[in-house]
Colleague: 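Before I ask anything, here is the structure I am working with.
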Amino acid sequence: SACSSKYVLSHVHPMWQGPLAVPGGDKQSPIDIVVRKSVFDPQLKPLTFQYDPRTCQQIWNNGYSFLVEYDDTSDKSTLSGGPLQDPYRLCQFHFHWGESNAWGSEHTVDRRLFPAELHLVHWNAERYSLFEEAVMEENGLAVIGVFLKVGKRHEGLQKLVDALPAVRHKESVVEFTKFDPACLLPTNTQDYWTYAGSLTTPPLTESVSWIIMKQHIEVSHDQLAVFRSLLFTSAEEEVQKSMVNNFRVQQAMKGRTVRSSFT
Ligand SMILES: CCCSc1c(F)c(F)c(S(=O)(=O)NC)c(F)c1F
Ligand SMILES: [Zn+2]
């Protein structure tokens, strides 16, 4: 898929301690969602996820996270509705997590941290012909964020967890097919918050319509431990570094409003 294979993210790593903000950036991510300051918007539509598991292609360790990449050369797997004017194509999903269960998410809700956060990355192929373009443009990307909590084992996630040892090192790739990302979405409600923000990894461009699900999903401690067994470093490097704490520091709101789809 075009969405990330051409993107070898900058080798300043782990970049998590900075760049703190893009110079002049006033729509940076992640943020703390202050629930009592969010504004209910009755014009927000329900989200429509139309994912085809046959578009799932591979898992890639890019040295920041592991990306589950989808074939985004047609509209087979799309997200529409919510705050979005057009349908957006799924290009990949990945996670951010901590070295302990006490932290790891990028966004927080009233300062509450979660041990991990799932990001489903989509791009506006109606308006842009290349993912690379959409990354740089306003309303180019739509990212669904789902918080993870430690609890019961997530049966749907296990197929992905079992494949992770094959991509332990940076730059490794393994074929991964027929995975339906809808199994990672919350089940009992589709309530969400939405705001205008940015990528949280380079190029940090302010092209993201963020959609953060209110309901978390549960995964087991052992499943998260396999995330932490991945490495930031490639096989050749003599010092191996555990892939943990791959989240960015939170950014100022700069006057932005977070809207909610629920009261
Ligand atoms: C240059 C883009 C490569 S695709 C990608 C990614 F790999 C990633 F990690 C994030 S994130 O900022 O970390 N989470 C939303 C993105 F937004 C992305 F679009
Ligand atoms: Zn992310």
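Computed over heavy atoms, backbone and side chain alike; hydrogens, waters and symmetry mates excluded. Read the numbers this way: they start at 1 and go in the same order the structure lists the ligands and their atoms. Just so you know, residue 1 is the first one in the sequence shown, and it goes up from there.
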Colleague: For the 3.5 Å polar cut-off, considering only N or O atoms, please tell me whether Ser198 and ligand 1 meet it.
Modeller: no
Colleague: Can you tell me if Phe131 contacts ligand 1 (heavy atom of the residue under 4.0 Å from the ligand)?
Modeller: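 For ligand 1, residue contact (heavy atoms, under 4.0 Å) with Phe131 is present.
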Colleague: Work out the angle at the Zn ion (ligand 2) between NE2 of His96 and NE2 of His94, rounded to 10°.
Modeller: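 Rounded to 10°, it measures 100°.
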Colleague: Quick one: does Trp210 get within less than 4.0 Å of ligand 1, heavy atoms only?
Modeller: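 In this structure, Trp210 qualifies as a contact of ligand 1 - some heavy atom is under 4.0 Å.
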Colleague: Run the numbers for me: atoms of ligand 1, each under 4.0 Å from some heavy atom of Pro203, listed by number.
Modeller: 1 (C)
Colleague: Whether the Arg111 and Gln250 side chains hold a donor-acceptor pair (N or O, under 3.5 Å, no angle test) is what I'd like checked.
Modeller: yes
Colleague: Can you confirm whether Leu44 sits close enough to Thr194 that some side-chain heavy atom of one is under 4.5 Å from a side-chain heavy atom of the other?
Modeller: yes
Colleague: Parallel, tilted or perpendicular, judged at 30° and 60°: which one describes the rings of Trp97 and Phe66?
Modeller: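 Geometry flag for Phe66 against Trp97: tilted rings.
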Colleague: With respect to the Zn ion (ligand 2), what is the nearest N, O or S atom of His119?
Modeller: ND1
Colleague: Can you say whether the rings of His119 and Trp210 are parallel (under 30°), tilted (30 to 60°) or perpendicular (over 60°)?
Modeller: perpendicular
Colleague: Going by heavy-atom distance to atom 9 (F) of ligand 1, choose the closest among Ile144, Val143, Leu67, Thr201.
Modeller: Thr201
Colleague: Below 6.0 angstrom between ring centroids: does that apply to Trp123 and Tyr88?
Modeller: no
Colleague: Would you call Ile211 and Pro83 a side-chain contact if the rule is heavy atoms closer than 4.5 Å?
Modeller: yes
Colleague: Quick test of your reading of the structure: of Gln92, Glu117, His96, Glu106, whose heavy atom lies closest to atom 7 (F) of ligand 1?
Modeller: Gln92
Colleague: Can you name the atoms of ligand 1, numbered from 1 with element, that are less than 4.0 Å from a heavy atom of Val121?
Modeller: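 So the atoms of ligand 1 that pass are 19 (F).
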Colleague: Among pairs that include at least one residue of residues 184-193, which meet side-chain hydrogen bond (donor to acceptor under 3.5 Å, both in side chains), considering only residues two or more places apart or in two chains?
Modeller: Thr189-Asp191, Asp191-Lys214
Colleague: Tell me, please: is Ser29 in heavy-atom contact with ligand 1, that is, under 4.0 Å?
Modeller: no
